[in-house]
Chemist: 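The structure follows.
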Amino acid sequence: MSGRARSEDEKEKKKQKVNAENDVLELLDGSLNCSFCMQLPERPVTTPCGHNFCLKCFQKWIGQGKHTCAKCRRTIPPKMASHPRINSTLVAAIRMAKMSKSITTGGPSRVYHFLHNQNRPDKAFTTERAKKNGKANAASGKIFVTTPPDHFGPILAENDPERRQGVLVGECWEDRLECRQWGVHLPPVAGICGQSKHGAQSVALSGGYPDDEDHGEWFLYTGSGGRDLSGNKRTNKEHSFDQNFVKFNEALRVSCQKGYPVRVVRSHKEKRSSYAPESGLRYDGIYRIEKCWRKVGQPGFKVCRYLFVRCDNDPAPWTSDEHGDRPRPLPNIPELKQATDITERKESPSWDYDEEESCWKWIKPPPRSQKRVSTGDSKDGKKVKSEIRKAQNVTVRQKLLKEFSCLICQKVMTSPVTTPCAHNFCKVCLEGKFAGRTLVRERTCRGGRTLRAQKNVLKCPSCPTDISDFLQNPQVNRELMDVIESLQL
DNA sequence: AAAAACGAACGT
DNA sequence: ACGTTCGTTTTT
């Protein structure tokens, strides 16, 4: 083949590829639409009967007192109705399809990050002592990033010598110790990382405070202290004295006044939030503290309160938006009427939106680190680099199909089912996992009379949720199956 | 199921 | 030095 003919041939191939990618979005649009708003679901949730809706549309339906699926009229279990979970597989797929369109139509072609948890270096237990004594001792495990412990803002690629990608929005960890190893939130116990004279770098949302309110892009956070958790008794959840703006609470206030970026990690323990992961912890990106104040909390003692608003360049794990946050008006906070000690930012924020570059960045230089970087040795960086290059060189269709991998067999799902905890598996794989395990334990006494059947607890293969009810009659997510089959053509 | 042990960083 | 912390594991 002549050089010229070859290049013509490649041009033709490229054209075909572009066309194929263009209709990927239409493909999803045709099959996955929310039956309320007829759009691609925003913050998609999936019923156990296998139908997909927007979180808001679904909550509106439930709010009207409905208990059945709007599509097939099957009963929606109360647990799903009150605590719907985002189906993050769908989020990633829809976003990817949208992006492939904007690239090929010449729209804004920024590269966004997705969570790909492969190729991760060592787990904890790097010291002999830690191996012997279990995870409570593993905080001495290796720190993988080169950011100092008081680093503000996102963890960037240049501070990730092993993977060269930094910590991406949506990255997940098993526990606080693993999260610590990636430099995102360092304290092994405390919810706030910060210094009263310097500012706060990160917070963890782990539930426990009844007044906390999570709306994803913004949330209300309560300061630390005020509860007597002395010794090993972690049962006393009641406040027994007033919180003040000291220590960690003061650190958060400094970040509010200066407009510093604060990293946010959500924990599975935040049970009341639709945005919490079902297991472990997840990095959700950068937020700013727009206001803080004190109010009287549940048992009558004063607590410090903070309004966090998201301001990250990458989209949140629960939205299929193609872009990150834009400046948005502050939500209305009723409790501010009774608030005292209100702090609002006086000076211009250090981390802000640059209209010309259309991104969030440091407008003022970040505060100088007061600490030393942990020494980590970086080996075989070449291997990782070539892996990353390989991963980037895949067509949109293939990438999309990879998003639809079964969490058990790791292959593209056949007859996908979605659990109430929003995890996706092949129907066969999921049923195979529990083969031989009965859903109920029949107990018969001597007279042959059947006693009340006792239910077995059957845990989701991806998280600790009990899915025994779901397993009694798991429904194939037909909409999702149609999409997968079309992608494979 | 509850208590104890263990951990690290901040601040007095 | 010592008390504290929106944790996790092992022992009782």
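Proteins get letters first, then strands, A, B, ... in listed order; numbering begins at 1 in each.
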Chemist: Give the nucleotide from the list C:dT8, B:dA9, B:dG7 with an atom nearest to the side chain of A:Asp175.
Modeler: C:dT8

Chemist: Expressed in angstrom and rounded to an integer, what is the separation of A:Glu174 atom CD from C:dT8 atom P?
Modeler: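 Interatomic distance, CD of A:Glu174 to P of C:dT8: 11 Å.
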
Chemist: Of the candidate nucleotides C:dG7, C:dT5, B:dG11, which contains the atom at the shortest distance from the side chain of A:Lys269?
Modeler: C:dG7

Chemist: In this structure, how many angstroms lie between the P atom of B:dA9 and the NE2 atom of A:His151, rounded?
Modeler: 17 Å

Chemist: How long is the line joining CH2 of A:Trp173 and P of C:dT8, in whole Å?
Modeler: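 It is 14 Å, rounded to the nearest whole Å.
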
Chemist: Counting only heavy atoms not in A:Lys364, do more than 12 fall under 6.0 Å of its NZ?
Modeler: yes

Chemist: Nearest of C:dT5, B:dG11, B:dA8 to any side-chain atom of A:Arg180?
Modeler: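 Per side-chain heavy atoms of A:Arg180, the pick is B:dA8.
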
Chemist: Which whole-number value in Å describes the distance from A:Asn249 CG to C:dT5 P?
Modeler: 11 Å

Chemist: Nearest-nucleotide wise, let me know which of A:His268 and A:Ala190 is further upstream toward the 5' end of DNA chain C.
Modeler: A:Ala190

Chemist: Looking at every heavy atom in both A:Arg328 and A:Glu217, which two are closest together, and how far apart are they?
Modeler: NH2-CG, 3.3 Å

Chemist: Take A:Glu270 and A:Lys247, find for each the nucleotide of DNA chain C with the closest heavy atom, and name the residue whose nucleotide sits nearer the 5' end.
Modeler: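 Going by which nucleotide is closer to the 5' end, it is A:Lys247.
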
Chemist: Rounding to a whole Å, what distance do you find between A:Ile192:CD1 and C:dT4:C1'?
Modeler: 12 Å

Chemist: Give a yes/no answer on whether the side chain of A:Arg176 brings an N or O atom under 4.0 Å of OP1 or OP2 in C:dT5.
Modeler: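 No.
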
Chemist: Is A:Ser196 near enough to B:dG11 that one of its side-chain N or O atoms lies under 4.0 angstrom from OP1 or OP2?
Modeler: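 A:Ser196 to B:dG11 OP1/OP2: side-chain N or O found under 4.0 Å.
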
Chemist: What contact category does A:Ser267 fall into here, base, sugar-phosphate, or nothing, at under 4.0 angstrom with non-hydrogen atoms?
Modeler: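 The answer is nothing, as A:Ser267 stays clear of every strand by at least 4.0 Å.
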
Chemist: For A:His67, is the NE2 atom crowded, meaning more than 12 foreign heavy atoms sit under 6.0 Å from it?
Modeler: no

Chemist: Between A:Glu335 and A:Arg305, does at least one N-O distance fall below 4.0 Å, as a salt bridge requires?
Modeler: yes

Chemist: Would you mind reading off the distance between A:His185 atom NE2 and B:dA8 atom P, rounded to a whole angstrom?
Modeler: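 From A:His185 NE2 to B:dA8 P: 16 Å.
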
Chemist: Can you check side chain to side chain contact (heavy atoms under 4.5 Å, CB included) on A:His51 and A:Thr46, steps first, answer last?
Modeler: CA-CA 5 Å; A:His51 298 110; A:Thr46 306; over 6 Å; no

Chemist: Would you call A:Arg176 and A:Glu178 a salt bridge, taking side-chain N to carboxylate O under 4.0 Å as the test?
Modeler: no

Chemist: Which stems does DNA chain B form, counting runs of 3 or more consecutive Watson-Crick or G-U wobble pairs with both distances under 3.5 Å?
Modeler: B:1-6 with C:7-12, B:8-12 with C:1-5

Chemist: Whole-Å distance between B:dA9 C1' and A:Asp150 CG?
Modeler: 12 Å

Chemist: In whole angstrom, what separates A:Leu177's CG from C:dT9's P?
Modeler: 8 Å

Chemist: For atom NZ of A:Lys60, decide whether the heavy atoms of other residues, nucleotides or ligands shown that lie under 6.0 angstrom number more than 12.
Modeler: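 It does not: A:Lys60 NZ has 12 such atoms or fewer within range.
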
